[in-house]
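Since the model is a prediction, treat every value here as computed from it, not as a measurement.
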Amino acid sequence: MSELLTYILSQDSFRKNRLPSLYSDFSIQKKTNPDGYNVNVAAWEQALTKAARHGYISRSATGKADAMPNHKSDHLVLRVDEGLLRDLESPEWGRPVGLAAVFEDAMWNRSMVPVQLYKASGTSLRKPQWGIIDTSALSPWTVMSWGLKQLKGVMIGSGSDHGPRVQAQELVLVQNLQETGERLVKEVMSKTPSKAELIYSRESFVESFATILDDGSALSNADFDILLLYLSRDKATIAYDGKTIKFRPTNDSPKDITEQDAAIASIKALTATMTKQVHNLERKIAELNASAKSALQNKNRVSALAAVRSKKLAENNLQQRLDTLTQLEQVYIKIEQAADQIEYVKVMKASTGVLRSLNTQIGDVSRVEDVVEELREEMSKVDEIGNIMNEVGPQIDESEIDDELEELESKEREAKEEEEAEQTRKKLAELDSLGLDAKDALRKAALAQNVESALEESIGRLSRMSVEEGAEATAQ
């Protein structure tokens with residue numbers, strides 16, 4: 001069982017009880033059971049899209065993913081051929097004979113588009129919600145007619161018991177393409193890069209963003225062809241001339257690649273190449289050093305001398321590469337500074353123009369002084385009018401105000417004294433109540449004590465009488 005089939009069977013929509021339906025020719029259910037037909041089509045389309053996204057679909061002849069880490073696989077392009085059908089073949093249910101209906105429905109919905117049609121179109125072939133093309137341009141008949149001419153048939157009914165036959169073709173997986181583009185642009189723009197950092201050669205672009213969609217596998221060359229076309233034509237987020245790539249932070253950014261852009265891309269590419277050479281030379285020097293030590297331990301002086309000689313040559317080459325790399329880095333830093341200075345000068349020039357326009361609207365200094373003087377005169381007029389209005393207002397006797405205020409204070413003082421007197425009466429009443437309760441308690445306690453004393457006295461008297469009567473009886 002292939003890795004692709006293992007992954008697809010792990011999806012919830014490919015439970016064991018649904019496999020007979022998914023592997024059958026469900027295209028005949030389009031009219032008799034449209035719900036079941038749509039469920040099967042959606043299950044296959046989503047499973048194949050996810051499998052491609054995670055690198056389970058390869059362009060190799062066997063259709064199996066390479067076991068090496070970060071292997072190249074098709075993530076954005078689905079190659080439909082005999083290898084794909086062989087990888088999807090189930091030991092129990094055979095090959096999926098309904099895939100022709102899946103691809104037809106996907107092309108109708110524009111979730112999959114033939115690669116050659118996508119590249120040849122003057123405009124992007126995006127979904128209706130992307131709002132780019134006329135929906136009539138991608139009717140199933142139009143797509144299949146074009147495919148019959150260009151691809152020697154997209155889907156042709158064989159008339160056999162195995163359902164429609166699927167012929168070789170390459171389809172752009174629109175969902176994966178859109179997600180990859182959004183991730184890539186977000187990663188680049190989130191770093192607030194300088195102008196020079198927005199420029200890449202194709203080689204450095206491929207190396208920098210190979211695993212942008214999946215960490216375990218790299219995008220294939222076919223994926224990058226489609227991705228660059230999508231970013232430059234459909235999204236207009238980059239300028240691309242086949243060699244140099246420049247990101248456009250805004251819609252006003254230049255759409256063309258200049259000589260300066262190409263030079264920056266070349267310097268960055270050469271710097272990356274020199275860096276790799278330095279790492280290789282360092283590794284080679286370490287290996288030669290180990291070989292020389294091993295030869296000395298084995299008493300092999302000739303091999304040791306050869307290893308030391310090769311090591312010296314490698315060290316000289318390394319020093320030359322390091323010097324060149326240092327110069328390239330210095331040049332690149334100067335280019336970055338110059339590019340930033342150009343942007344700074346542009347901003348300053350634009351700011352100067354804005355200030356000049358604003359100052360023109362204001363006028364010269366004498367006009368500003370006249371405006372300020374007029375403002376002061378008008379403010380002084382407002383003060384004079386306020387003073388006059390205060391003089392016209394009603395005259396109030398200050399003695400009456402004092403008498404009224406004193407009366408209010410007296411009433412407030414009497415109310416406060418009355419409140420304090422009431423609180424004092426309440427406290428005295430509480431104390432009187434507490435005193436009566438205490439006297440009653442004392443009286444009851446004294447009465448109880450007297451009763452106890454009387455009982456004790458009676459008990460003592462009775463005891464003495466008993467003793468005396470006993471003594472008399474004994475005497476007789």
Side-chain angles (χ1 to χ4, degrees), residues 1-26 39-103 105-106 111-115 155 162-163 165-180 183-184 206-207 209-227:
M1 184 181 296
S2 66
E3 292 182 358
L4 173 61
L5 182 58
T6 301
Y7 175 79
I8 287 180
L9 294 180
S10 67
Q11 303 300 306
D12 293 338
S13 56
F14 279 76
R15 294 186 298 272
K16 190 173 183 179
N17 60 339
R18 296 210 64 244
L19 292 181
S21 176
L22 290 166
Y23 273 79
S24 66
D25 183 16
F26 48 80
V39 169
N40 288 339
V41 167
W44 273 112
E45 183 180 338
Q46 293 174 6
L48 291 173
T49 301
K50 288 182 179 180
R53 183 190 184 283
H54 294 290
Y56 287 99
I57 299 179
S58 175
R59 295 177 59 88
S60 61
T62 59
K64 294 182 180 179
D66 192 352
M68 296 179 63
N70 291 337
H71 62 272
K72 287 187 177 182
S73 298
D74 288 329
H75 297 74
L76 314 181
V77 177
L78 176 63
R79 183 178 179 84
V80 182
D81 57 6
E82 183 67 18
L84 176 65
L85 296 178
R86 187 167 52 248
D87 281 348
L88 295 175
E89 185 173 355
S90 169
E92 184 176 0
W93 303 106
R95 294 187 176 185
V97 294
L99 284 184
V102 174
F103 297 135
D105 193 83
S111 57
M112 296 183 186
V113 178
V115 170
M155 294 171 286
H162 299 288
R165 181 159 50 99
V166 180
Q167 294 198 1
Q169 60 178 319
E170 291 183 344
L171 300 174
V172 177
L173 301 175
V174 177
Q175 180 179 344
N176 290 355
L177 176 61
Q178 182 183 15
E179 181 181 354
T180 305
R183 282 192 176 196
L184 194 150
V206 170
E207 184 177 356
F209 305 110
T211 57
I212 188 66
L213 188 61
D214 184 77
D215 294 334
S217 59
L219 299 178
S220 66
N221 292 332
D223 289 337
F224 275 107
D225 289 340
I226 297 299
L227 179 60

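- A donor-acceptor pair is defined here as one N or O able to donate and one able to accept, closer than 3.5 Å; such a pair exists between the side chain of Asp223 and the backbone of Leu76.
- Contact annotation: the side chain of Lys72 approaches that of Asn221 to within less than 4.5 Å [non-hydrogen atoms, C-beta and beyond].
- Among residues at least two apart or in separate chains, there is no side-chain hydrogen bond (donor to acceptor under 3.5 Å, both in side chains) pair with a member in residues 6-17.
- For Arg18, the salt bridge (charged side-chain N to carboxylate O under 4.0 Å, His left out) test picks out no residue, with sequence neighbours left out.
- Side-chain contact between Phe224 and Thr180 is absent, with no heavy atoms from C-beta onward closer than 4.5 Å.
- Between Pro114 and Val172 there is no side-chain heavy-atom pair separated by less than 4.5 Å.
- For the pair Phe103/Leu78, a side-chain contact is recorded, criterion being any heavy-atom separation below 4.5 Å from C-beta on.
- Between Asn40 and Ser21, the closest heavy-atom pair is ND2-OG, 3.0 Å.
- Across Ile212 and Arg183, no two heavy atoms sit closer than the pair O-NH1, 3.3 Å.
- Nearest heavy atoms, Asp74 versus Ser220: OD1-OG, 2.5 Å.
- Scanning both residues, Ile8 and Phe14, for their nearest heavy atoms gives O-CB, 3.4 Å.
- For Ser24 against Val97, the heavy-atom pair with the smallest separation is C-CG2, 3.4 Å.
- Here the straight-line distance linking atom CZ of Arg95 with atom CG of Leu84 works out to 10.0 Å at 0.5 Å rounding.
- Atom CE of residue Met112 and atom CD of residue Glu170 lie 13.5 Å apart, to the nearest 0.5 angstrom.
- Side chains of Val80 and Leu99 form no contact here, defined as non-hydrogen atoms less than 4.5 Å apart.
- The shortest side-chain heavy-atom distance between Leu9 and Leu19 falls under the 4.5 Å cut-off.
- Taking both residues in full, the closest heavy atoms of Leu213 and His75 are given as CD2-CB, 3.8 Å, listed atom of the first, atom of the second, then distance.
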